[in-house]
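Below is one structure, written out as structure tokens; the observations come after it.
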Amino acid sequence: MSEKMHHIQLDASQGAKYAIVPGDPGRCEKIAQYLDNPKFVAQNREYVTWEGYLDGEKVLVTSTGIGGPSASIAVEELHMVGVDTFIRIGTAGAMQTNLLPGDVVVVTGSVRAEGTTKEYMPIEYPAVADYEVVTALKEASESLGLTTHTGVGQSKDSFYGQHNPERMPVKHDLLDKWEAYKQAGCLVSEMESACLFIVGAVLGCRTGAIMHVASNQERTAAGIDTPKTFDTTAAVRAAVEGMRRLIAKDKAKK
């Protein structure tokens with residue numbers, strides 16, 4: 001048996017090419033229940049792993065923790081033990097008033113407003129999801145009857161830099177860029193997708209992300225009463241179905 005990875009505590013004997021990667025360790029068991037024969041595998045720090053099967057293929061469910069530094073470690077070490085296809089499930093805040101809590105967003109690319117990816121690629125290189133994964137997620141979500149959006153998201157490092165920018169010494173920079181992202185049609189803000197896309201590109205992996213819209217601060221700012229929702233079931237179902245479609249296409253290629 002090969003040596004276990006330092007952080008995620010998995011080794012190559014795991015034998016999985018596919019991984020669903022939520023940020024929250026508490027979501028791993030919930031996601032794994034949508035797989036066949038779900039089983040807890042490992043836990044260390046913010047990294048919790050369950051495994052299961054889709055159409056005979058092993059799929060890992062590994063949490064990445066919060067933010068780019070933690071997510072990059074998870075992606076690097078999962079790739080070292082054999083994973084080459086990643087789907088992120090996360091919660092996000094909407095940046096456009098037409099998005100409602102409970103909607104899902106298939107992220108096609110991410111604004112690199114974080115620091116981790118700058119240690120992988122020059123900032124001019126775009127953080128984009130794999131086309132096959134985007135297509136599978138979009139088709140899966142729509143087939144489930146979910147209100148589905150596709151487009152660019154923003155990945156940042158500071159949660160409170162987004163939610164309380166006015167108290168930050170760099171508030172003018174934060175507010176100006178936020179308005180620019182909105183004007184260009186950016187759909188959601190979260191913390192890990194840019195890292196997943198860039199690290200995946202460097203490693204030669206397929207990556208994609210689907211977001212559950214948990215809140216919409218732009219609607220609140222406009223005086224529109226918009227309750228928050230943190231039930232990620234819809235996004236989870238779409239991610240699992242999207243992974244199933246990728247597995248089927250991979251088998252067809254063989």
Side-chain angles (χ1 to χ4, degrees), residues 20-35 50 54 59 61 63-67 71 86-111 113 129 133-156 159-160 162-164 178 181-194 196-197 207-246:
I20 296 173
V21 285
D24 184 359
R27 294 195 189 116
C28 291
E29 182 176 3
K30 171 185 174 179
I31 296 167
Q33 300 310 307
Y34 287 86
L35 309 178
W50 281 65
L54 281 176
V59 177
V61 181
S63 55
T64 65
I66 296 176
F86 296 83
I87 291 178
R88 161 164 160 70
I89 300 172
T91 55
M95 297 176 66
Q96 304 293 332
T97 55
N98 65 307
L99 273 67
L100 298 176
D103 290 359
V104 297
V105 175
V106 178
V107 181
T108 58
S110 293
V111 177
V133 182
V134 168
T135 301
L137 288 172
K138 182 177 185 294
E139 291 176 350
S141 184
E142 291 177 344
S143 75
L144 294 169
L146 306 179
T147 302
T148 308
H149 309 266
T150 57
V152 174
Q154 179 235 23
S155 293
K156 78 277 186 179
F159 179 86
Y160 291 102
Q162 174 197 338
H163 290 279
N164 300 113
W178 184 263
Y181 301 150
K182 283 166 47 184
Q183 185 173 330
C186 199
L187 296 181
V188 289
S189 178
E190 47 82 62
M191 300 182 74
E192 292 86 31
S193 292
L196 174 63
F197 299 159
T207 60
I210 186 165
M211 299 291 112
H212 162 80
V213 176
S215 62
N216 191 324
Q217 68 186 62
E218 297 305 315
R219 288 174 66 89
T220 301
I224 307 170
D225 185 28
T226 307
K228 299 178 181 179
T229 173
F230 296 96
D231 181 0
T232 59
T233 300
V236 170
R237 292 174 60 217
V240 172
E241 175 59 24
M243 188 68 86
R244 189 189 305 276
R245 289 168 182 247
L246 287 170

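Considering OG of S215 and NE2 of H163, their distance stands at 6.0 Å, rounded to 0.5 Å. Between the CG atom in L99 and the CD atom in E218 there is a gap of 11.0 Å [rounded to 0.5 Å]. Expressed to the nearest 0.5 Å, how far CG of L187 lies from CE of M211 amounts to 11.5 Å. Within the model, atoms CD1 of I20 and CZ of R88 stand 13.0 Å from one another, a figure rounded to the nearest 0.5 Å. With values rounded to the nearest 0.5 angstrom, N216 atom CG is found 13.0 Å from T229 atom OG1. Rounding to the nearest 0.5 angstrom, the gap separating the CE atom in M95 from the OG atom in S189 is 6.0 Å.
Between Y181 and Q154 the shortest heavy-atom distance is CE1-NE2, 3.7 Å. Minimum heavy-atom separation, T150 to K138: CG2-CD, 3.7 Å. Nearest heavy-atom pair, V111 versus C186, reported as atom, atom and distance to 0.1 Å: CG2-SG, 4.3 Å. Nearest heavy-atom pair across G242 and A136 is O-CB, 3.6 Å. Taking all atoms of both residues into account, the shortest heavy-atom contact from A214 to P101 is O-CB, 3.9 Å. The two residues A129 and G208 make their nearest non-hydrogen contact at CB-CA, 4.1 Å.
Within 6.0 Å of CZ in F230 there are more than 12 heavy atoms belonging to other residues, nucleotides or ligands.
Using a 4.5 Å heavy-atom threshold, the side chains of L100 and T147 count as separate. R245 is not listed as a side-chain neighbour of T135, based on a closest heavy-atom distance of 4.5 Å or more. Side chains of P22 and C28 form a contact here, defined as non-hydrogen atoms less than 4.5 Å apart. Using a 4.5 Å heavy-atom threshold, the side chains of K30 and T232 count as touching. Contact check for V133 versus T207: no side-chain heavy atoms found under the 4.5 Å cut-off.
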Apply side chain to side chain contact (heavy atoms under 4.5 Å, CB included) to T64 and L196, showing your working. CA-CA 10 Å; T64 65; L196 174 63; over 6 Å; no

Test side chain to side chain contact (heavy atoms under 4.5 Å, CB included) on F197 and V107; report intermediate values, then the result. CA-CA 10 Å; F197 299 159; V107 181; 3.9 Å; yes

For side chain to side chain contact (heavy atoms under 4.5 Å, CB included), just list the numbers for V213 and V105, CA-CA rounded to whole Å, side-chain angles, deciding distance to a tenth of an Å, and then say yes or no. CA-CA 7 Å; V213 176; V105 175; 3.9 Å; yes

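Annotation: side chain to side chain contact (heavy atoms under 4.5 Å, CB included) contacts of A238 (sequence neighbours excluded): S141, L144, L146, I210.
A donor atom on one side chain and an acceptor atom on the other are found under 3.5 Å apart for T233 and D231. If you check the side chains of E190 and S155, you find a donor sitting under 3.5 Å from an acceptor. For the residue pair Q217/Q162, the side-chain donor-acceptor check at 3.5 Å is satisfied.
Among the candidates I31, V21, D24, the single residue satisfying the side-chain contact (heavy atoms from CB on, under 4.5 Å) test with I89 is I31.
Within the structure, the side-chain hydrogen bond (donor to acceptor under 3.5 Å, both in side chains) test picks out no pair touching residues 89-102 (sequence neighbours left out).
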